Amino acid sequence: MAECGYVISQGAYIKLVLHALKHRSSPVNGLLVGRLLDGGIAGASPTVQISDAVPLSHSQIGILTYLELALIQVEEHFGADGLAVVGYYHANERHDDSELGGAARKIGDHIFRYFPQAALLLLDNKRLEGLAKGKGCDPVLELFTRDSSRSWRRASSEGSSQLSIKEPSANTVLLDYISTEKWNQVADFDDHLDDISKDWLNPNLFN
Amino acid sequence: MVGAAEEARLNRLESQVDNGGGGAWEYLCLVQKLGARRSEKVLKHGLSILNDPRARSRLGVEEWTLYEQVAIAALDCQQIDVAKECIAALSMKFPGSIRVGKLEGMLLEAKEAWADAEKAYARLLEDSPLDQVILKRKVAMAKAQGNPAAAVEYLNKYLEIFMADHDAWRELAEIYVNLQMYKQAAYCYEELILCQPIVPLYHLAYADVLYTMGGLENIQTAKKYYASTVNLTGGKNTRALYGLCLCGVVIGQLTKGRNKDEKAESPDMSSLAAKALLKDYKERSPEKLSLVTTMMKNMKLIS
């Protein structure tokens, strides 16, 4: 599998972190939507552009019914704009759990079947905690990609499979939203199923 | 777990108190009653009562339950010093109490002093080996340490004694689902449905697990339980209606080419569910109506 760059938009990045912050005592997950950009001329490596994140669940993450439902609706909605499901994000229940769990891997496998350059993003709790102290531009996420041995591997810091945020000031904006408890406004698919008037697209979140 | 109407009432009270409209004690009682986890608010509003001597004395005997509630909320928010003060006050008022002993154990848990917490609970269990609260703390500790296998073991032992504890069965089922041990989760939900056959939550959760397990027989059973959930909730449960739709589609795919008579009944329930969903979306979520309509058309549940 050729190495591939991953760029996530500020909106997608902030949305998924806020989703995790809204439900601190449970695991959360969601889908990543975007497109693959060719390397173009001179053989530059291709880039997966993650343009949006759809928060899915904060309970019963191992259940297939609502995952399948969400995949159908997300693909239907974003397909119209030429976007596809390009990855999955997950935040573990416990603060010091930095492993990619079984459920996350299974869901990742499923997405991989349709999009081989799929990215699995795991929230890095320690980096998130340290965000308020440092002024780094690095995302508070760990990237996992599927390697040739069919398992999910952490992207090494030397390889060319790196995750970067499109807008360099994203962490500053994120800190600002955290201080205003913006996470209260994030609605996920679970919330939608409890009350269909809540929109999992979160169209007015950053207005 | 909190129902929709109760959650709405809780949220209303919460914003009333937040905006200075009073009702803090009513809010705290409701949080306690519903078993909701709103530790930051409980800490803030609970402390405001406890730090006001007149408000505190107005509570009378309830003052002590408030100390307990605030202590637990403080532990959840990692405000260890506040928790220590509350527990000290309780310890002075109720020396040698096992209820206060549990709080002291939880304090050790919050500081991640796992070995000390284990010892503290073991001591308490010596005097009261069947104390449900302490036994449950052992399960919680195993979960917090990332040891789901131990949590499962303790919970199973607990349920051998207290087999009517529905919350414990639900907790066990949820741990099994997290471990992707769906058959075992299904068994837990079966126990719950046997004990309380008209609680729709258990039918729905059981159907979810069966659907996840997959295979024709499981999905056919899942469909029955999504249907019973629809029945028990007067057709108002979105998840159950969607579950019926998905089951209809999967069963159709799995039984392609089989005896047509067998299939005759299947599409109807799922189509009815689809129509019910579309009606609801039209009323309450019109922006999503065309998306869901397209989805139902693609799944051949409506024409």
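Keep in mind it's a predicted model, so treat the numbers as computed, not measured. Note on naming: letters A, B, ... go to the chains in the order of the sequence lines (proteins, then strands), and numbering restarts at 1 for each one.
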Output for pair (I61(A) CD1, Q180(B) CD), nearest 0.5 Å, gives 11.0 Å
CG of L193(A) to CG of N237(B), rounded to nearest 0.5 Å, is 9.0 Å
One option among I63(A), I196(A), D199(A), D195(A) has the most heavy-atom pairs under 4.5 Å with chain B, and it is I196(A)
So CD of E40(B) and CD of E181(A): to nearest 0.5 Å the spacing works out to 6.5 Å
**Study point:** Heavy atoms of other groups near R9(B) CZ, more than 12 under 6.0 Å
**Key:** no
With chain B, the option among D96(A), D97(A), I72(A), L69(A) that has the most non-hydrogen atom pairs under 4.5 Å is L69(A)
Interface check, chain A: of R284(B), M299(B), K143(B), most non-hydrogen pairs under 4.5 Å belong to R284(B)
Okay, D280(B) and chain A: the region with an atom under 4.5 Å from a heavy atom over there is both
- Item | Flag side-chain contact, heavy atom, 4.5 Å: M213(B) against L64(A) | no
Cut-off 4.5 Å, heavy atoms of chain A, and the answer for E283(B) is neither
Output for pair (H77(A) NE2, K288(B) NZ), nearest 0.5 Å, gives 6.5 Å
Looking only at T212(B), L246(B), T294(B), most heavy-atom pairs under 4.5 Å shared with chain A are made by T212(B)
Ranked by heavy-atom pairs below 4.5 Å to chain A, first place among V209(B), N178(B), T238(B) goes to T238(B)
Around atom CD of E287(B), are there more than 12 heavy atoms from other residues, nucleotides or ligands closer than 6.0 Å? yes
Original post:
Are more than 12 heavy atoms from other residues, nucleotides or ligands located less than 6.0 Å from atom OH of Y187(B)?
Top reply: no
- So with a 6.0 Å cut-off around OH of Y114(A), is the heavy-atom count from everything else above 12? no
If one checks every heavy atom of K106(A) against chain B at 4.5 Å, the contacting part turns out to be side chain
Given 3.5 Å as the limit, does a donor-acceptor pair link the side chain of Y182(B) with the main chain of G62(A), or not?
yes
Okay, H192(A) and chain B: the region with an atom under 4.5 Å from a heavy atom over there is side chain
Bottom line for Y226(B): the part with an atom under 4.5 Å from chain A's heavy atoms is side chain
Inset, instruction - Can you establish whether the number of heavy atoms outside K166(A) located under 6.0 Å from its atom NZ is more than 12? - result: no
Worksheet item: Side chains of E7(B) and D194(A): does their closest heavy-atom pair fall under 4.5 Å?
Response: no
Between N298(B) and E76(A) the two heavy atoms that sit nearest each other are ND2-OE1, 3.4 Å
Okay, Y281(B) and chain A: the region with an atom under 4.5 Å from a heavy atom over there is both
Applying a strict 4.5 Å limit to non-hydrogen atoms, the region of A144(B) in contact with chain A is backbone
